[in-house]
Amino acid sequence: MNERFDPSQADERWQRAWDERECFRADDASSKPRSYVLEMFPYPSGRIHIGHVRNYTMGDVLARYKRMKGFEVLHPMGWDAFGMPAENAAMEKGVHPGSWTRENIANMKAQLKRLGFALDWSRELATCDADYYGQEQALFLDLYEAGLVYRKESAVNWDPVDQTVLANEQVIDGRGWRSGALVEKRKLSQWFLKITDFAEELLDGLGTLDDWPEKVRLMQENWIGKSQGMQFAFTLSNGEKLEVYTTRPDTIFGASFVAVAADHPVAQAVAENSAEAQSFVETCRAGGTTAAELETAEKLGFDTGLTARHPFTGEDLPVYIANFVLMDYGTGAIMAVPGHDQRDFDFAAKYGLPILRVVAASAEDAGKPFEGEAEAGDGICVNSDFIDGMSVAEAKAAVIARAEREGWGEGKTQYRLRDWGVSRQRYWGTPIPFIHCDGCGVVPVPKEQLPVELPEDVDFSTPGNPLLRHATWKHVDCPKCGKPATRETDTLDTFVDSSWYFLRFASQPDDKPFDREEIARWLPVEQYIGGIEHAILHLLYARFWTRALKRIGKLDVAEPFASLFTQGMVTHETYRRAGTNEPAAMDGEGDFDSDNEPASKWLSPEEVEKRADGVFEKATGLPVEVGRVVKMSKSKKNVVDPDQIVATYGADAIRWFMLSDSPPERDLPWSEAGIEGCGRFVQRLWRIFSQFDAAAQGEDKALDRKRDQTVAAVAVDIEALSFNKAVARIYELASAIEKAEPSASRSAAIRALLLVVAPMMPHLAEEAWATIGRGLVADAAWPQVDAALLVEDEVTIAVQVKGKLRDTLTVAKGTAKEELEALALASDKVQRALDGAEVKKVIVVPDRLVNLVA
RNA sequence: GCGGACGUGGCGGAAUGGUAGACGCAGCGGACUUAAAAUCCGCUUGGGCAUCCCAGUGCGGGUUCGAGUCCCGCCGUCCGCACCA
């Protein structure tokens, strides 16, 4: 063996060997137990960033480990290839989104290969392939036939300059993020998926996802937002009915006014006859949408002059248009109970409306005044006629029962979850396979005509969706009547693409989206790994698609991802020239720089030099302030390039760094010193492997034990994704081997060390295995352990006096209580600590400790 | 405001209610070398600077023979949601 391990030639050689042997190709016909390991596929932005490296390294270690354990592993990779950045590039650089995307894919694939990931590239897919999106169109039509797809008018953020719809996060202070134009609310006919049909199922399903982070399940639960209450109708003074929804029917006797949203038909009707009302409604609509504005937003209302008759008291309650009532939740109208709801309280205080107490701690407190705020808590009902004295829960049931009996209201369950709008007025996405015909209406494209392919010749020189103004593409004959008609020019939200890619990985026939039997063999994904930023949308949509496809008989799985792991970010120190303050816009989230604070004040790690007397800018020698450790981002220049790290230290070193030290769910601080340490450890292992001697004789029982304990512990740690702990174990075994004298045991330990390191540092492992083992280590089995060796025969026991450690004893495992007690009392240190005091009580935990209580 | 997570050496972090600080990084001392790099050995929570003793896991209480771990109350940091009736 050479003196040093040289990744610059070894890495590529082994990567080629794995490719040529198709080591990581998953065999659909295999009789082995199966394991589907999946990481969230990347958007092809052009370059892999360090977060990808962390994500994919974790999955790779697990996939390689599972292979060694005898599983048939499916570990695929693909590209979430549709989306806006490609169109932005087209507008800025004049490149076609397709060629831009494919070039990026090629670059990133090469980068992934250089990291040595054990991926089945034969199943690679890009969502912009017509093969893929054509099948997606077929699924979309299936869902349409099943009634799970519909069209409705919906308000969107419309950028009048760019002629496009903006997502909420693209609207900054009411202006388009790109054009800076004031964004308008526009009503467009949009496609929707009926995710609300699955609200209850998706909520229930969370209960089965034991191996998902509690945090993610909670976020989804909140997002679905189930609430139970009562919907009922007030009769208005104009004779109309006004439906309201409340979760607190128990407080109905405390209702002192009624409020409707600005967009509510009642408000609209009032506005038609009143300029004042009209202007108030417009103020509400213009109301800011940013978090800060909402927080400080004053409760505002407009008295319509109408009244609503209270169903029990017959009292006439004033009806207001209120800015805090939302049209798209419940019925867009509420009964307001100021005493027991803070918003209603604020409103009532402002407009001098009665604040009534109908819930109190006890009957004696029925007259207790409010102390400046609403009381939303539990208690018993007071001042409430027939429900007086009931608990809140009892009263809810009683009021609902009475309303239902009398026929003016009913118990109702509400969800915060809304249907999923999937229309995007863009080019670079999956065309929605429908045709608009003047005679026949909206007609699905016949399946045999799929895929509806995107036209290649598109023009991005003017704003707006190029599909809309394409000369020929949208003009087709109606499939039903044959008359001239037009294609739908909207494309699908890219979250649709990522809602089923894990199915297509497992099965990709030419003639249908996937084969049901093959899916049943691979799914659910055993371990899914990705960023927490997808906790809600992607993961909820994927769960929804899976359930929807199951409902229409395409699938047999309910939940796509059995176990989910959300990894932390990779962070780095920030550097900036001394004296340049952090701009206001950088506070909080803002990833953009404000106008008066140039981005150039941030320095990249390469631009600074760390010396004993501080940190300085290399070019100028000026002092540098070391800022907070934050997520790597281009704007703060605290990024490192994975390619450069690989070029300098090799793939195994960066992989090892990704796994070391920090628990995988937490943030990982990148440091130059850290990666250097990893590079040194690669060489240290190489030296250890070089010392393997098949002919060595002799037994080293302690090392044998350490070896098998390490193998067993690393297996447990990898399965729990506790890579940092596995890494620590490996360091320990490496040290033990270095300290040991040559022996057959030592050689066996070296061999075992190589094998447990192999999933983490596959290139180094292959290079060493070439002389130590047979074949490729990628095909080797995880080492067997001798269960008898795992158990220590000697244990060190703590001896405490009054709970304080005074001595330790090394004894045979299983030593009797009485003997331990005697040994403890015989200790000089113990006697000194006792100082003649009488031992009143002795606690002995066998193999652990003796505690003498004086 | 609501919900959640987390506070352990200079840093990242280990610790089924049972020897706190494993392992790594950084630092210090030494060996090797003409020298450096690399490598190897040792030390590294604070204090008294002695085999040893005292204190110590954000702060204050509590349960327990024994608490980083369990309970109660604070403080701080981070994340998510946000007028959802």
Side-chain angles (χ1 to χ4, degrees), chain A residues 3-4 213-216 218-219 221-223 225-227 229-230 244-248 251 259 261 287 291 294-295 297-299 322-326 328-337 340-344 346-347 373 376 414-418 532-533 535-536 571 610 612 629 656-657 660-663 665-678 680-681 683-684 687 722 724-735 738-739 796-809 828-829 832-833 840-845 847-854:
Chain A
E3 220 153 276
R4 283 181 64 81
E214 180 64 31
K215 176 187 176 139
V216 174
L218 209 73
M219 282 164 78
E221 189 181 321
N222 291 339
W223 188 262
K226 180 177 182 175
S227 73
M230 177 170 91
V244 300
Y245 173 73
T246 179
T247 54
R248 295 293 303 273
T251 62
L294 284 175
E295 203 165 336
E298 203 183 346
K299 304 278 178 289
N323 66 344
F324 67 94
V325 179
L326 305 174
D328 47 9
Y329 185 78
T331 62
I334 61 164
M335 73 165 195
V337 184
H340 306 284
D341 180 286
Q342 191 58 43
R343 293 155 302 179
D344 300 348
D346 295 343
F347 191 93
E373 57 181 18
Q414 277 284 342
Y415 299 90
R416 207 184 73 120
L417 184 70
R418 319 262 164 78
I532 186 71
E533 65 273 22
I536 297 176
T571 59
K610 289 189 173 179
V629 178
W656 188 251
F657 189 105
S660 303
D661 294 351
S662 287
E665 69 278 10
R666 283 205 223 165
D667 289 352
L668 172 67
W670 177 268
S671 77
E672 202 56 37
I675 184 68
E676 277 170 21
C678 292
R680 280 199 299 271
F681 186 61
Q683 297 301 336
R684 187 175 153 205
R687 285 193 299 276
S722 297
N724 58 321
K725 291 196 226 169
V727 161
R729 306 273 191 189
I730 288 169
Y731 277 118
E732 283 181 18
L733 180 59
S735 295
E738 284 172 330
K739 289 190 176 75
T796 304
I797 284 191
V799 181
Q800 300 178 335
V801 175
K802 287 188 282 186
K804 281 190 145 182
L805 182 73
R806 294 299 172 184
D807 201 359
T808 58
L809 298 171
D828 285 348
K829 291 177 185 175
R832 216 179 314 143
K840 292 186 194 125
K841 191 175 172 186
V842 181
I843 287 129
V844 182
V845 181
D847 299 335
R848 284 243 96 125
L849 93 163
V850 179
N851 188 8
L852 306 167
V853 185

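Chain A is the first sequence line, chain B the second, and so forth, proteins listed ahead of strands; every chain is numbered from 1. Bear in mind the structure is a predicted one, so any value in this text is a computation, not a measurement.
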Length of the CG-P vector between A/Leu668 and B/G13, whole Å: 9 Å

Check this for me: does the side-chain of A/Glu214 come within 3.5 Å of the base of B/G4 through a donor and an acceptor? no

N/O-N/O pairs, protein side and nucleotides 51-54 of chain B side, under 3.5 Å:
{"residue": "B/C52", "atom": "OP1", "partner": "A/Lys829", "partner atom": "NZ", "Å": "3.4"}
{"residue": "B/C54", "atom": "OP1", "partner": "A/Arg806", "partner atom": "NH2", "Å": "3.4"}
{"residue": "B/C54", "atom": "OP2", "partner": "A/Arg806", "partner atom": "NH1", "Å": "3.2"}

Under 4.0 Å, counting only non-hydrogen atoms across every strand here, what does A/Ser660 touch: a base, just sugar-phosphate, or nothing? nothing

If we take the C1' atom in both B/C83 and B/A14, what is their distance in whole Å? 45 Å

Using 30° and 60° as the class boundaries, would you call the ring planes of A/Tyr329 and A/Tyr245 parallel, tilted or perpendicular? perpendicular

So, is A/Lys841 near the phosphate of B/C65, with a side-chain N or O under 4.0 Å from OP1 or OP2? yes

Report yes if a side-chain nitrogen or oxygen of A/Tyr329 is closer than 4.0 Å to either non-bridging phosphate oxygen (OP1 or OP2) of B/A85; otherwise report no. yes

Under 4.0 Å between any heavy atoms, over every strand shown, what does A/Val244 touch: base, sugar-phosphate, or nothing? Just pick one. nothing

Check the angle between the aromatic planes of A/Trp656 and A/Phe681 and answer parallel, tilted or perpendicular using the 30° and 60° thresholds. parallel

Sugar-phosphate only, base, or nothing, as touched by A/Asn724 at under 4.0 Å among non-hydrogen atoms: sugar-phosphate

Donor-acceptor pair present, A/Lys299 side chain and B/C83 base, under 3.5 Å: yes

Starting at CD1 of A/Ile730 and ending at C1' of B/C23, how long is that distance when rounded to a whole Å? 11 Å

Using only atom types and a distance under 3.5 Å, with no angle test, would you say the side chain of A/Asn851 pairs donor to acceptor with the backbone of A/Ile843? no

Say you pick atom P in B/A37 and the same atom in B/G21; how far apart are they, in whole Å? 33 Å

Answer with base, sugar-phosphate or nothing: what part of the nucleic acid does A/Ser671 contact at a heavy-atom distance below 4.0 Å? nothing

What's the CZ-C1' distance between A/Arg729 and B/A15, to the nearest Å? 11 Å

Taking A/Val337's backbone N and O only, do any of them form a donor-acceptor pair with A/Asp344's side chain (distance below 3.5 Å, no angle check)? yes

Using both distances under 3.5 Å as the test, list the Watson-Crick or G-U wobble partner of B/G3, or none. B/C79

Under 4.0 Å, heavy atoms only, any strand: does A/Ile843 hit a base, just the sugar-phosphate, or nothing? base

Using atom types as modelled and distance alone, determine if a side-chain donor or acceptor of A/Ser722 lies under 3.5 Å from a backbone N or O of A/Lys725. no

Rounded distance in Å between the C1' positions of B/G58 and B/C49: 28 Å

Between B/G24 and B/U16, how many Å separate the two C1' atoms, rounded to a whole number? 25 Å

For B/G13 and A/Arg666 - does any side-chain N or O of the residue sit under 4.0 Å from the phosphate oxygens OP1/OP2? yes

Answer yes when A/Glu738 and A/Arg684 have at least one side-chain N-carboxylate O distance shorter than 4.0 Å, and no when they do not. yes

d(CG, A/Asp661; P, B/A14) in whole Å: 10 Å

Is A/Tyr245 touching bases, backbone alone, or none of the nucleic acid, heavy atoms closer than 4.0 Å? base

OP1 or OP2 of B/C2 versus the side-chain N and O atoms of A/Arg416: is any pair under 4.0 Å? no

Need one value for A/Glu732: base, sugar-phosphate or nothing, where a base atom within 4.0 Å counts as base even if backbone is also close, heavy atoms only. sugar-phosphate

Identity of whatever pairs with B/C52 - Watson-Crick or G-U, under 3.5 angstrom: B/G48

Separation of B/U64 atom C1' from A/Leu849 atom CG, nearest Å, is 13 Å

Closest-nucleotide mapping onto RNA chain B: is A/Lys725 or A/Lys802 further toward the 5' terminus? I mean the 5' end. A/Lys725

Let me see the working for A/Arg666 and A/Thr571 under side-chain hydrogen bond (donor to acceptor under 3.5 Å, both in side chains), right down to the final yes or no. CA-CA 10 Å; A/Arg666 283 205 223 165; A/Thr571 59; over 6 Å; no

Between B/U19, B/G80, B/C23, which nucleotide has the shortest distance from any of its atoms to the side chain of A/Met219? B/G80

For a quick check of understanding: with a heavy-atom distance under 4.0 Å over all strands, which category does A/Arg687 fall into, base, sugar-phosphate or nothing? sugar-phosphate

Between A/Asp341 and A/Arg248 (salt bridge meaning N to carboxylate O under 4.0 Å), is one present in this structure? no

